Amino acid sequence: MTFDEVNTYITNLYAARTNLTQWQYARETELKEYIPTVDDDVARFLGVMLHLLRAKCVLEIGTSIGYSTVSMAQAVKAYQGRIVTVEYDEQVARQARLNFERSGVSDSIELLQGDAREILPQLSGEFDLVFLDVDKRLYAPLLADCLRLLRPGGVLIAEDTLFPVIELESKWHHLIAPIEEFNRAVVALGDVESTVLPIGDGVTLAVKK
Ligand SMILES: C[S@@+](CC[C@H](N)C(=O)[O-])C[C@H]1O[C@@H](n2cnc3c(N)ncnc32)[C@H](O)[C@@H]1O
């Protein structure tokens, strides 16, 4: 059984329970040029984690058109939770804001438009969950700030961390080495328990002790 077959099985299994699919979301989005969003299975995983944590305070790094942001906002609604999300591309940030309005979740999302490398050091507070889904070359440089911004018991989730082993289009090959560097940095952390799950293109789950 291949990795893709496993993902297809899980996606189909939950199809009837998925109220916002990536496909639907992309279809309703006017802008057609943007960096791809998470798949349905990763959005579902984020939702499960947010319910497990009863999350009130979430930080996302890398918004794109906001599919994962809206999925997470719907999950944290039950706990009056809020999402802070960071995106540097002005055009996709504008589209994400439109999508938040259309989805009825704009009141629970704060979009910070700018470079995560400049924004993160200025943030404070204790987040329940940090979702890292930005340029893969920034994962390792942003790791310390992600951990600083988590409360003890809080969770870091990083997307695409199985790039070194999955079949990847050649246009993404330059991102394999930075992900490898990030993966090894996570393993070496002393105050964190972590693993990598084979969903989407690989998801790192790390709990701050
Ligand atoms: C993979 S996409 C995010 C997808 C989104 N999380 C989803 O699943 O719906 C990554 C985004 O990070 C943004 N990005 C890249 N470098 C950035 C930086 N230095 N600061 C902030 N955002 C950045 C890109 O413009 C892109 O829209």
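Computed from heavy atoms alone, side chains included, the values below leave out hydrogens, waters and symmetry copies. Just so you know, ligand 1 is whichever comes first in the structure, and atom 1 is the first atom listed for that ligand. Here the structure is a predicted model, which means the values were calculated and not measured.
- For atom 7 (C) of ligand 1, the nearest non-hydrogen atom from the set Ala93, Ser71, Ala96, Ser68 comes from Ser68.
- Ligand 1 has an N or O atom lying under 3.5 Å from an N or O atom of Glu87, backbone or side chain.
- Donor-acceptor pairing under 3.5 Å is recorded for the side chains of Glu30 and Gln95.
- The nearest protein atom to atom 8 (O) of ligand 1, hydrogens excluded, is given as Val38 N, 2.8 Å; this is a heavy-atom distance.
- Residue Thr63 touches ligand 1 through its backbone alone, judged by heavy-atom distances below 4.0 Å.
- Looking at Thr69 next to ligand 1, no N or O pair under 3.5 Å apart turns up.
- One N or O on the side chain of Tyr139 and one on the backbone of Glu159 form a donor-acceptor pair closer than 3.5 Å.
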Determine, stepwise, if the pair Tyr88 / Asp135 fulfils side chain to side chain donor-acceptor pair (under 3.5 Å).
CA-CA 11 Å; Tyr88 86 150; Asp135 183 332; 5.7 Å; no

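- Side-chain atoms of Leu143 and Val186, non-hydrogen and from C-beta on, do get closer than 4.5 Å to each other.
- Residue, atom and distance of the protein heavy atom nearest to atom 20 (N) of ligand 1 are Ala116 N, 2.8 Å.
- Under a 4.0 angstrom heavy-atom cut-off, Ala43 registers as lying outside contact with ligand 1.
- Close contacts of ligand 1 with Asp135, meaning ligand atoms under 4.0 Å from a residue heavy atom, involve 15 (C), 16 (N).
- Where the criterion is an N or O separation shorter than 3.5 Å, residue side chain and backbone included, Gly62 meets it with respect to ligand 1.
- Asn99 and Thr29 form a side-chain donor-acceptor contact under 3.5 Å, judged by distance and modelled atom types alone.
- With hydrogens and angles ignored, the 3.5 Å screen pairs a side-chain donor or acceptor of Lys136 with a backbone N or O of Val134.
- For atom 19 (N) of ligand 1, the closest heavy atom belonging to the protein is Asp115 OD1, 3.0 Å.
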Pair Glu5-Thr8, side chain to side chain donor-acceptor pair (under 3.5 Å): steps then yes or no:
CA-CA 5 Å; Glu5 283 167 343; Thr8 304; over 6 Å; no

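- Panel note: side chain Arg184, backbone Ile179; no donor-acceptor pair is recorded below 3.5 Å.
- Screening Glu87, Glu60, Gln74 against Thr69 for a side-chain hydrogen bond (donor to acceptor under 3.5 Å, both in side chains) leaves a single residue, Glu60.
- Applying the side-chain hydrogen bond (donor to acceptor under 3.5 Å, both in side chains) test between Gln22 and each of Asp40, Thr37, Thr11 identifies Thr37 as the sole match.
- At a 3.5 angstrom cut-off on N or O pairs, Val134 does not count as close to ligand 1.
- Taking all heavy atoms of Ile119, Asn99, Asp133, Val92 into account, the minimum distance to atom 2 (S) of ligand 1 is reached by Asp133.
- Ranking protein heavy atoms by distance to atom 22 (N) of ligand 1, first place goes to Tyr88 N, 3.2 Å.
- Heavy-atom distances between Glu60 and ligand 1 reach below 4.0 Å in at least one pair.
- Applying the 4.0 Å criterion to heavy atoms of Thr37 picks out, from ligand 1, the atoms 4 (C), 7 (C), 8 (O), 9 (O).
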